[in-house]
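Just so we're on the same page: letters track the sequence lines, and every chain starts at 1.
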Amino acid sequence: MKRSAEQRNMSDPSVFREGCRIVEALLFASADPLSGEELASRLPRDVHIADILARLREDYADRGVTLVEVAGRWTFRTSEDLSYLLAREAQETRKLSRAALETLAVIAYHQPVTRAEIEDIRGVSTHRGTLDSLMETGWIRLRGRRRTPGRPVTYGTTDAFLVHFGLTVVDDLPGLDELKGAGFLDGRLPPGFSVPVPSDDPSLREDEDPLEEDLFTRLAEEKASEVEEPLSDGEDA
Amino acid sequence: MKRSAEQRNMSDPSVFREGCRIVEALLFASADPLSGEELASRLPRDVHIADILARLREDYADRGVTLVEVAGRWTFRTSEDLSYLLAREAQETRKLSRAALETLAVIAYHQPVTRAEIEDIRGVSTHRGTLDSLMETGWIRLRGRRRTPGRPVTYGTTDAFLVHFGLTVVDDLPGLDELKGAGFLDGRLPPGFSVPVPSDDPSLREDEDPLEEDLFTRLAEEKASEVEEPLSDGEDA
Amino acid sequence: MRKELAFEDPVVAVDRGEAEPALVVDVDGFAGPLDLLLELARRQKVDLHKISVLALAEQYLGFIEAARSFRLELAADYLVMAAWLAYLKSRLLLPEPAKGDEPPAEELAQRLAFRLRRLEAVREAAKKLYDRPQLGRDVFGRGAPEPVRIDRKRDWDASLYDLLKAYAEQRQTKALSRVSFAKRFVWSLAEARDALDRLVGGGLDWTVLDDYLMAFVVDPAQRATVRASAFSATLEMVREGLIDLRQDGAFTPIFVRPRRPDIEEGASSA
């Protein structure tokens, strides 16, 4: 692979170098991560973007900024080990409450997941404010509706979530294998039937229906009916 | 100088390298350029910021981004030769308004022509915006000034006009018979109706004076007086 | 939980001394009954897989009892859990009924243990997620991204056809709008009288007035003025006793004939 990459690009090393400079410039200048396709569209035709990205990754491996892949796109980030120095640059990020963080984790690992399922896992009813504040971060989204009685809304994570936590894909979630192995990703008991994995694939699952066009009406309805919602009793009904 | 810098920092090359990484990360993450002092305050004491900046400048000299000093502060910038990457051309196709199209046609056939003459031919007053938008197309230009009271500006077409409409010369515009033949004009024309043979000869006509160098003043004057301009009543006076 | 639920001694469970058997709990610190159960389970200091659900249920019920003795109001979900655990406890202590509709008590206990393990695992995952280098906290993007400048290039859409059409149409419209007032033709009463006098002189019998007049009409557009003037003239001539007029009904042709003394009676009878 490495040899073939070199072979591919050996034809004209100066073209490859120029390609590296172009990608470097684009990634430095962009406020958002860029996909391989976006980058490739600005390159000479005979230069392979994958080779360039590999080369840049290597070039920057030991530097103060590194090339990382997040949400399937590429971007430069300050090196992790320097975070102690840059803490001063940190903008005042809103600190998520413990409940919100836990809810976010449940959504990330169990997506697509309904509010009732979140509550079953956490053993506590979810305050509307918790989901609202998560929606506000832009890290979670409404996916669709579960095809079960009541047609509850399903939640999932967004690309912004992956970008924020520096994840390439949702499969890279830390500790995912342990959770999977223990059968904890299967919301329904008993464990061991099937081992679902979280998926933020935008296409709906078999048991998901699309959200109505008039989502706002539905959300308003939901909000209005929320008071009557029975509190989770901490045990599966 | 170089040797002394090396000597100064040779004591611990890893400290120097770490200094480089720190400065790199700080400059990358900062929203504004940083001064040498600001950078130095984040460095281990025995590392000289000037040496680090010199080293980074060298490291990035041939890359897609370069370290530059602006107003005594340091920042990374896209390398000048790659600045084209940061410009994207957005093609926007607009339809010329009916009034603009008619005005353009009158200018093309009757050039050099003044605004009052255009209005006389069209039988309606011409909005300033119409001429402005035509100027924007690059298809018409100010030729000179008619040697008549008020010394009005004369308009004519440009080479860009010919290029856009696929004409070799402006006399390629069809004459009366051709317009009739092609069905643009029908038989109901009063005797004496004529279509001029257009000419965009850049040399001024006998009754044209060159535009003043200080065109902007004149244009401003024209714009100011425009309100008083009598509206053509659509009937020959 | 609410503020009024706080125990007098707000010591968090983790601060508890190793040997201290007393249940000192800051209710405020718990996120629901499952969380409380998880904390109680941790105190059994055994692997969650080997946890004694019975002991756990007893501890939980003890906690609820203690809370009640302090006359604390407990949120409904804590009480529901308490009720369920009391039921589970009794099921676990009693011999299993031979055949029941309900799942065996052991299975219920295992489900609870599973939920506790799952909650703990999710919490660990949440912590791992939180500990990841986060953007804006641990790692940073370009502080001064250089925006892509968009050069809007306007492309004006106009074809030669549009241009010629626009030119020809406006020139033609303008050319035709130069109207000249054509002189209006009026057949005067005098002219009508002359024409009708010729009719009388001709000595014809009943004649349709319109047919007769048409001989004098050059242009169909003149028909109205000819008819109007002629009719006025005939009325005048009837008054003078020169002609007779006759019409058999509305909109039917008007007949006219010279009046002659010899047929006067016939005419008056008509």
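Using a 4.5 Å cut-off between heavy atoms, A/Ala99 makes no contact with chain C at all. The parts of A/Val163 that come within reach of chain C are both its backbone and its side chain, each placing non-hydrogen atoms under 4.5 angstrom from that chain. Proximity to chain C (any heavy atom under 4.5 Å) is restricted, for A/Phe76, to the backbone atoms N, CA, C and O. Heavy atoms of A/Thr75 lying under 4.5 Å from chain C are absent altogether. In this structure, the portions of A/Leu101 lying under 4.5 Å from any heavy atom of chain C include both its backbone and its side chain.
Of the charged side-chain nitrogens involved, at least one lies within less than 4.0 Å of a carboxylate oxygen, so that C/Lys128 and A/Glu178 count as a salt-bridged pair. Under 4.0 Å is where a charged nitrogen must lie from a carboxylate oxygen, and between C/Glu146 and C/Arg142 at least one such pair does. Ion pairing between a basic and an acidic side chain is recognised when a charged N comes within 4.0 Å of a carboxylate O; A/Lys180 and A/Asp171 show no such pairing. Of the charged side-chain nitrogens involved, none lies within less than 4.0 Å of a carboxylate oxygen, so that A/Arg73 and A/Glu69 do not count as a salt-bridged pair.
If you tally non-hydrogen atom pairs under 4.5 Å between each of C/Leu129, C/Leu119, C/Leu38 and chain A, the highest count goes to C/Leu129. Per-residue heavy-atom pair counts under 4.5 Å with chain A were compared for C/Arg117, C/Gln110, C/Arg123, and the maximum is reached by C/Arg123. Note on C/Gly143, C/Ala126, C/Ala83: by heavy-atom pairs under 4.5 Å with chain A, the leading option is C/Ala126.
Both the sub-6.0 Å distance and the 45° axial angle are satisfied by C/Arg137 relative to the ring of C/Tyr130.
In this pair, C/Phe114 and A/Phe184 present their aromatic rings tilted. The plane angle is within the 30 to 60° band.
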